[in-house]
Undergrad: 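Dropping the structure in here first, questions after.
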Amino acid sequence: MITFPERLAEQPPLLTVLLEPSHAPATPPSKPDAVDETQPVTEQAPTATEFPENIEELLVVPEPSVDWYAAIPAAIDDVRVAPEEVAVFNRALAEKRRAAAQQFAPIPRHEPVPVWENVEKDMTGRSILRHGDCQRVINDPNVGSREAFETFGQYIVTCAHYKKPPQKLAWVDEVNARRAGLSRYGHPPAE
């Protein structure tokens, strides 16, 4: 039993909590009808609602798993084929986007391009002219090295050097055959 001080008992309650059942109150079970014990008890057969005729209805068939890596090429093709829809909120900006898409569209590289069209930007913002394995910096926006670039850097051409396998030349065997009879200093050996 909980007792409260008199002072609290005199004050009205601050909060009243009412508990209501979330579902309808259950009806009390009804008493079974009087059973005549003289008659034999027979079991009732299950109704159609208790057991379905087709037992396969009760089985849960799992959905086949999706191979997401196999679906990637089809998704890429869908994106390439589907036109990109851009919501137009500003007509002037949409016109600029259309003009930029035409101006900066990638060049189809079916044939070799002239050397002056092989200009690329590297990660530092320099414009690099490439021709084969060689490259030359044609513009360097770096303020710290601008003077050095203008003085001599713009004239330097760097080429990638790849080791080539040795080639077998026809005249090497002839030279080696002639030198076989010579000593270390190019004279015939003394006898």
Undergrad: Treating R146 as the side-chain partner and D140 as the backbone partner, does any N or O pair qualify as donor plus acceptor under 3.5 Å?
TA: yes
Undergrad: When clusters are formed by joining ILVMFWY residues with side-chain heavy atoms under 4.5 Å apart, either directly or through shared neighbours, do Y69 and I76 land in the same one?
TA: yes
Undergrad: Rounded at 0.5 Å granularity, tell me how far CZ in F149 sits from CG in N139.
TA: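 CG of N139 is found 5.5 Å from CZ of F149.
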Undergrad: Using modelled atom types and a 3.5 Å cut-off, is there a donor and acceptor pairing between side-chain atoms of Q154 and backbone atoms of E150?
TA: yes
Undergrad: Do V175 and L169 belong to the same hydrophobic cluster, where Ile, Leu, Val, Met, Phe, Trp and Tyr are linked whenever their side-chain heavy atoms lie under 4.5 Å apart, directly or via other members?
TA: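 Hydrophobic grouping puts V175 with L169.
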Undergrad: Check whether any side-chain heavy atom of V157 lies under 4.5 Å from a side-chain heavy atom of H131, and answer yes or no.
TA: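 They are not in contact (no side-chain heavy atoms under 4.5 Å apart), so the answer is no.
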Undergrad: Find the distance between CG (D122) and CD1 (I128) and round it off to the nearest 0.5 Å.
TA: 4.0 Å
Undergrad: Within a radius of less than 6.0 Å around CD of Q102, do more than 12 heavy atoms belonging to other residues, nucleotides or ligands occur?
TA: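 Correct, the count exceeds 12.
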Undergrad: When rounded to the nearest 0.5 angstrom, what distance separates NZ in K121 from CE in M123?
TA: 14.5 Å
Undergrad: Are any non-hydrogen side-chain atoms of T124 and N142 less than 4.5 angstrom apart?
TA: no
Undergrad: How many angstroms lie between atom CD of Q135 and atom CZ of R126, to the nearest 0.5 angstrom?
TA: 7.5 Å
